Amino acid sequence: MILGVALGESAPAVVAVRDGAASWPVPRGVARTASRACVAADLGGVRPAAVAAIRVGGPCPEALRPVVEPGVATIVRGGHSVTGRPLAPLDTEAVRRFAATCGLADFAVTATGSPMLADHELEVAAIVAAEVPQARITLSYEFGYPGLREREADAIRNAALGPEAGRIADDVARELPGVPAYFARTGGGLVSAHYFRRFPLTCDRGAAASLARGRAALRERADAASGGGGDAGPGLAEVPDGVAAAYGAALGRPEAHVERIVLARGRAELDRVLRDARDEALTRVVSAGAAPGSAAIDEITVNPLSYLPDGLYRVRVTAGGRPWAG
Amino acid sequence: MGRLIDRDGLGRFSAGSRLFATGAAQSSYNLAYDWAASVVGPGVELVAAGELAPDTLCVVVSLVGSTTALGEQLPAGDEPERAVRALERRLGERAGAVAALNLAAENALIPLIAAAGLGLPLVDGDGTGRVFPLVEQTTYTLGGMSAAPLALAGGLGELVLLETAADRVEELLRPVVLSVGGWAVAACYPMAARDLARVLVPGTVSLLMRAGEPGAPRSAAAPYGVRTLCRGRIQAVEGSTGHGGELALPSLPSSIVLRESEGLRRLVRLEAHNEIVLALADGAVVATVPDQICMVSTADGMVVDVDKAEPGLEVDIMVVRAAPVWHTDQGLALGGPRAFGITL
């Protein structure tokens with residue numbers, strides 16, 4: 001039995017799903033015997049934590065500086081061009097000073113060129129971790145798409161959601177001891193509780209995605225039942241949003257994305273970097289809760305980047321799998 | 001005279017500049033917009049080339065290189081001004097107006113930022129009426145003007161002056177742009193207002209400002225006409241290793257294959273090389289450069305960049321007719337299929 005849970009402003013909606021069919025209410029004792037719990041949450045209303053944002057790059061017009069609300073931001077020298085060339089050595093002393101004096105524990109680090117080369121973000125993370133041992137650090141290269149300010153805004157939001165996401169995951173673990181928990185992704189699919197704690201941004205609008213999935217599945221079941229003369233179950237109109245979202249979450253499976261800019265001269269090198277990206281996506285989907293043997297690549301997109309030298313590509317990989325739990 | 005592009009005008013201008021803009025990365029557009037909004041102040045004066053004193057030195061300002069690179073490696077903010085000042089120093093003369101190379105997204109906004117920073121008017125018009133990959137592919141070139149001398153300002157303070165024959169500018173420019181990180185701001189095509197008035201595609205700035213008004217039809221941004229080729233879903237995106245020819249174009253070609261959603265359900269193939277250069281439906285040529293072929297997402301109405309095309313996306317294939325000068329023999333030689341290595 002899989003538990004679907006939709007968190008809302010009032011009490012959570014909970015459904016038990018067996019062989020694709022949902023039933024409710026679910027007594028607490030029964031809920032605690034579930035093979036896994038799939039949780040849909042919308043984090044839009046979550047109070048964001050104050051974030052210490054570190055951008056690695058050059059000076060820029062005031063209007064293009066990092067935006068943190070609440071929190072503090074700095075720009076330190078360093079970063080790489082999209083072609084992978086170092087722009088300047090990383091100003092490690094500036095990183096150390098900022099980390100030691102900002103007084104915050106939730107960090108977002110965004111280096112110029114990190115979708116191509118993440119070295120400076122990793123170096124900043126090591127310095128921050130040494131200065132602030134309890135730091136929670138989001139590195140923008142994990143999101144991997146080009147567009148410094150957008151990636152930075154996402155890294156900052158991910159860092160800001162961290163503490164509250166941790167509390168939500170703690171609540172679920174306390175309420176359902178021993179039941180492996182998954183969380184619904186914004187674009188559909190699930191991630192493990194462990195992954196959710198690190199990358200809550202991937203689940204920012206998980207409830208909305210689950211609701212759409214749940215409504216569609218209910219409609220299909222109703223159509224199939226009316227066609228086959230079977231039991232149509234509860235009518236669509238009778239199923240409230242929380243119950244439909246909980247059902248939709250329970251139907252999901254682990255999914256993960258990897259995006260990178262890669263440099264590959266010639267077919268053989270491109271094959272090799274694509275293999276690396278594939279491996280990373282498979283590792284990531286296992287970390288997102290897929291059973292290792294079930295992890296598989298769903299899709300790879302490779303586009304040459306316009307107006308840049310031959311051999312620079314934007315690579316996006318989607319991997320999926322069966323949940324290891326249940 | 002006396003028309004101003006203020007914050008409100010900037011909103012309409014930038015909206016209009018995106019209606020058929022290809023190759024415009026979202027993040028570089030966003031930053032160009034935020035940058036422009038922070039410098040436009042009480043407004044930039046918009047003038048027709050013919051309204052300027054005939055001897056006024058006009059300078060064309062443009063982003064060159066990759067919008068992806070600009071979105072990733074942000075400008076310091078002084079690039080447009082540094083490029084124009086360098087060109088002025090070379091010419092020993094102050095510029096009196098700024099004009100655009102083309103008006104696609106950030107390429108519409110960078111000249112506006114330059115004009116605002118320099119306190120100069122922006123000329124109502126541009127050098128293509130659409131977008132071509134090369135700095136030389138302009139109506140300015142067709143009218144006999146040279147892109148050189150050209151001054152290039154990079155994001156790390158680099159400043160490069162190019163002086164060469166008109167047909168070698170791109171060849172020299174490209175490795176320099178790559179070596180400064182993939183993008184730069186160029187000040188080029190220095191010319192007197194009387195020449196600019198003769199060679200530009202006139203009125204395109206105000207045209208896009210009208211097209212960018214809420215509720216205006218997309219076709220308002222296409223003065224010479226636009227047609228929808230078909231609606232289709234992208235089936236595959238294929239990279240290629242080149243046409244095999246000696247082509248002086250940046251980046252690799254790719255093909256986008258679509259299946260028409262309705263009607264004949266034709267297989268449509270788009271050949272792209274930075275821009276889409278050719279459209280085939282069931283093997284027959286249905287559109288080519290110099291007309292502009294673009295994919296518009298049916299989900300959000302936005303133009304889909306060639307490097308963002310992915311299987312599953314549903315798009316309208318739209319063809320914007322190029323300005324008449326591009327359909328002359330000389331125009332076709334510079335911006336037609338042969339210029340992209342395709343012999344039809």
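Every chain is numbered from 1, with letters handed out A, B, ... down the list of sequences. The structure presented is a predicted model; accordingly, all values stated were derived computationally and were not measured.
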Using non-hydrogen atoms and a 4.5 Å limit, figure out which bit of B:Leu156 sits close to chain A: side chain, backbone, both or neither. side chain
A:Arg260 side chain vs A:Val273 backbone, donor-acceptor pair below 3.5 Å: no
Chain A: which of B:Ala236, B:Ser179, B:Ala37 shares the most heavy-atom pairs with it under 4.5 Å? B:Ser179
Looking at A:Arg149, A:Glu299, A:Glu62, which has the largest count of heavy-atom pairs under 4.5 Å with chain B? A:Arg149
Checking heavy atoms, do the side chain of A:Arg55, its backbone, both or neither come under 4.5 Å from chain B? side chain
Out of A:Gly266, A:Ser81, A:Pro61, A:Ser114, which one racks up the most heavy-atom pairs below 4.5 Å with chain B? A:Pro61
For each of B:Gly182, B:Gly71, B:Gly155, tally heavy-atom pairs with chain A at distances under 4.5 Å, and name the one with the top tally. B:Gly71
Under 4.5 Å to a heavy atom of chain B? For A:Ala111 that would be backbone
Determine yes or no for a side-chain-to-main-chain donor-acceptor pair under 3.5 angstrom, with B:Glu170 supplying the side chain and B:Val135 the backbone. yes
Under 3.5 Å, is there a donor-acceptor pair linking the side chains of B:Ser297 and B:Glu314? no
B:Leu334 backbone acceptor or donor facing B:Gln137 side chain under 3.5 Å: yes
Given heavy-atom pairs under 4.5 angstrom as the criterion, report whether the side chain, backbone, both or neither of B:Asn30 touches chain A. both
Checking the side chain of B:Glu72 only, and the main-chain atoms of A:Gly113 only, is there a donor and an acceptor separated by less than 3.5 Å? yes
If you count heavy-atom pairs under 4.5 Å with chain A, which of B:Ala309, B:Ala69, B:Ser66, B:Pro311 comes out on top? B:Ser66
Where on B:Val180 is there a heavy atom nearer than 4.5 Å to chain A: the side chain, the backbone, both, or neither? backbone
Would you call A:Asp279 and A:Arg275 a salt bridge, taking side-chain N to carboxylate O under 4.0 Å as the test? no
Please name the pair of heavy atoms, one in A:Leu43 and one in A:Arg157, separated by the smallest distance, quoted to 0.1 Å. O-NH2, 3.3 Å
